[in-house]
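Shown next, in structure tokens, is the structure this report addresses.
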Amino acid sequence: MPPSTTRTPPMGWNSWNAHSCTVTESDVRDAAAALVDTGLRDVGYEYLVVDDCWMAPETDDDGRLVPDPEAFPGGMAALAADVHAAGLRFGLYSSAGTETCQGYPASLGRERLHAEQFAEWGVDYLKYDNCGDHRGRDAVERYAAMGAALRETDREIVYSVCDWGTNDPWSWGRNVGGHLWRTTDDSVAKWRTGADEFGLGIADILDRTAALDIASFHGPYGWNDPDMLQVGNGPDSGQSRHEAVVVDRPLTRAETRTHFAFWCLLAAPLVIGTDLTALDAVDREILANERLIRIDQDPLGFQGTPDRRDATEEIWSKRLADGGGAVALLNRGHDVTEIQTRVADVAVPTVADRYRVVDCWTGEEWETTGELAASVVPRDTAVLRVTPVE
Ligand code: GAL
């Protein structure tokens with residue numbers, strides 16, 4: 001059986017965007033404490049994943065991975081135990097090649113050995129990247145080898161396939177034991193990235209998601225992953241120190257809300273990528289919005305799909321388990337606009353004469369016989385939860 005936590009999209013925190021290659025065990029302990037103190041653990045963020053650069057430059061003589069002795073002097077088992085004691089789950093990173101993206105030892109050809117190490121340490125989640133020499137083996141073979149090795153351990157380990165969408169992982173992710181698979185290049189804390197820049201901005205990822213048209217591959221125990229949340233990131237994030245991208249200003253409030261709203265409408269894994277010890281109140285409130293988290297975690301597990309996209313307005317929607325649906329109204333223009341649609345034109349079953357509507361940002365409620373509308377400022381997104389009235 002797949003881990004029960006993957007019945008809905010996994011939620012948590014990942015070290016990469018906050019700390020890039022300088023991550024230490026005290027950063028991880030601080031993130032664990034912050035997840036608890038901010039209340040984010042209690043709304044569902046439970047996996048704490050250490051990304052690239054946790055390992056020493058050399059394996060031991062048998063090819064085992066060794067935690068970097070300066071950055072992780074206490075070792076991974078002790079760190080995992082502390083993370084578990086905080087009521088959280090612990091994740092690590094490796095790559096389906098000879099080396100990680102930052103040139104550290106990785107797991108190709110040593111899948112069983114490393115999976116056993118992860119299980120012994122108490123690892124609950126593995127993010128498995130696509131860097132290093134592949135030794136001529138194709139992606140399915142490489143990812144299947146680690147999937148099988150993880151299954152052979154006696155631990156439930158969530159398997160996050162990170163091939164950046166390069167080899168259509170949605171079509172084989174479940175078959176290799178994956179529970180989520182990246183669909184795009186790395187997300188960046190920008191609305192759009194330039195042609196020469198690394199990664200994709202939030203609007204770029206929405207365009208890419210619409211074009212991919214892969215919602216049918218997505219659902220309980222196997223999730224399309226448009227990459228980490230950039231909420232809270234800006235010029236000081238690890239990403240801009242590390243990659244060929246200029247993050248000279250953080251996402252605006254409206255852009256940040258659009259980002260989070262869409263990740264929830266897409267039922268994306270919600271993996272926070274910012275330094276939680278410096279999270280401001282506004283970003284915390286966005287990340288902790290329980291109305292939106294419920295839409296992300298809806299038991300049906302549908303990925304929202306576009307109903308209408310034009311130069312100034314975008315409407316996406318998905319069905320929900322309560323018999324209604326969620327509708328996102330994005331203003332892509334430059335003026336405040338009332339964006340309008342009808343129940344019959346979105347993915348809300350037309351089974352009633354009246355519907356209850358809840359604005360997921362404000363909590364405001366009203367009833368409608370079919371018209372749906374919200375006033376939206378530029379680059380912001382309203383999300384309406386629409387439920388038939390019996
Ligand atoms: C990339 C991956 C990022 C991060 C980075 C670490 O390939 O997409 O999410 O893990 O490697 O080097």
Side-chain angles (χ1 to χ4, degrees), residues 9-24 27-28 31 47-57 65 67-68 71-72 90-108 114 118 123 125-134 139 142-143 146 158-170 173 178-190 193 197-202 204-205 208-209 223-233 237-245 247 259 263 268-275:
M11 295 172 66
W13 177 88
N14 174 296
S15 63
W16 182 245
N17 291 152
H19 302 291
S20 67
C21 224
T22 64
V23 63
T24 66
D27 293 330
V28 179
Y47 286 96
L48 218 147
V49 181
V50 185
D51 207 282
D52 205 344
C53 308
W54 61 264
M55 48 296 257
L65 294 169
D68 184 277
F72 293 88
F90 183 62
L92 280 180
Y93 163 103
S94 186
S95 185
T98 50
E99 291 180 352
T100 72
C101 298
Q102 306 306 321
Y104 288 87
S107 300
L108 186 73
H114 293 181
F118 300 147
V123 167
Y125 184 116
L126 176 69
K127 174 172 168 180
Y128 204 44
D129 216 331
N130 194 31
C131 281
D133 190 334
H134 299 159
R142 289 179 292 114
Y143 280 93
M146 182 54 89
V158 174
Y159 185 26
S160 162
V161 169
C162 178
D163 91 324
W164 323 299
T166 310
N167 302 285
D168 300 350
W170 41 88
H179 306 111
L180 59 159
W181 40 83
R182 281 272 296 276
T183 54
T184 66
D185 284 342
D186 290 20
S187 62
V188 168
K190 296 183 86 154
T193 52
E197 280 186 315
F198 170 85
L200 296 176
I202 301 313
D204 301 318
I205 291 183
R208 175 97 181 113
T209 302
W223 306 98
N224 291 330
D225 172 12
D227 202 16
M228 290 177 278
L229 293 166
Q230 297 297 335
V231 178
N233 283 341
S237 68
Q239 188 168 53
S240 47
R241 285 201 306 273
H242 206 79
E243 309 283 10
V245 59
V247 183
H259 178 17
W263 263 235
L270 297 179
V271 182
I272 298 169
T274 196
D275 178 357

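Whatever order the structure lists ligands and atoms in, that order sets their numbers, starting from 1.
- Of the residues listed (V271, D275, L48, L229), the one engaging W13 in a side-chain contact (heavy atoms from CB on, under 4.5 Å) is L48, and it is the only one.
- Listed by number with element, the atoms of ligand 1 under 4.0 Å from a non-hydrogen atom of K127 are 3 (C), 4 (C), 9 (O), 10 (O).
- Contacts of D204 classified as side chain to side chain donor-acceptor pair (under 3.5 Å), with partners at least two apart in sequence or in another chain: R192, T193.
- A distance of 10.5 Å separates OH in Y159 from CG in L180, rounded to the nearest 0.5 Å.
- Close to ligand 1: D186, with a non-hydrogen atom less than 4.0 angstrom away.
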* Assess whether side-chain hydrogen bond (donor to acceptor under 3.5 Å, both in side chains) is satisfied between N224 and W181, documenting all intermediate values. => CA-CA 5 Å; N224 291 330; W181 40 83; 2.7 Å; yes
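- Considering backbone and side-chain atoms alike, D129 places an N or O below 3.5 Å from some N or O of ligand 1.
- Within ligand 1, the atoms closer than 4.0 Å to a non-hydrogen atom of Q102 are 12 (O), numbered from 1 in the order shown.
- Ion pairing between R182 and D163 fails under the 4.0 Å rule for side-chain N and carboxylate O.
- Only the side chain of C162 comes within contact range of ligand 1, with a heavy atom under 4.0 Å; no backbone atom does.
- Interatomic distance, CZ of R208 versus OG1 of T184, reported as 7.5 Å (0.5 Å rounding).
- Atoms of ligand 1 lying under 4.0 Å from any heavy atom of W164, numbered from 1 in the order shown and given with element: 1 (C), 2 (C), 7 (O), 8 (O).
- Close contacts of ligand 1 with R182, meaning ligand atoms under 4.0 Å from a residue heavy atom, involve 8 (O), 9 (O).
- Less than 4.0 angstrom separates some heavy atom of C101 from each of these atoms of ligand 1: 1 (C), 7 (O), 11 (O), 12 (O).
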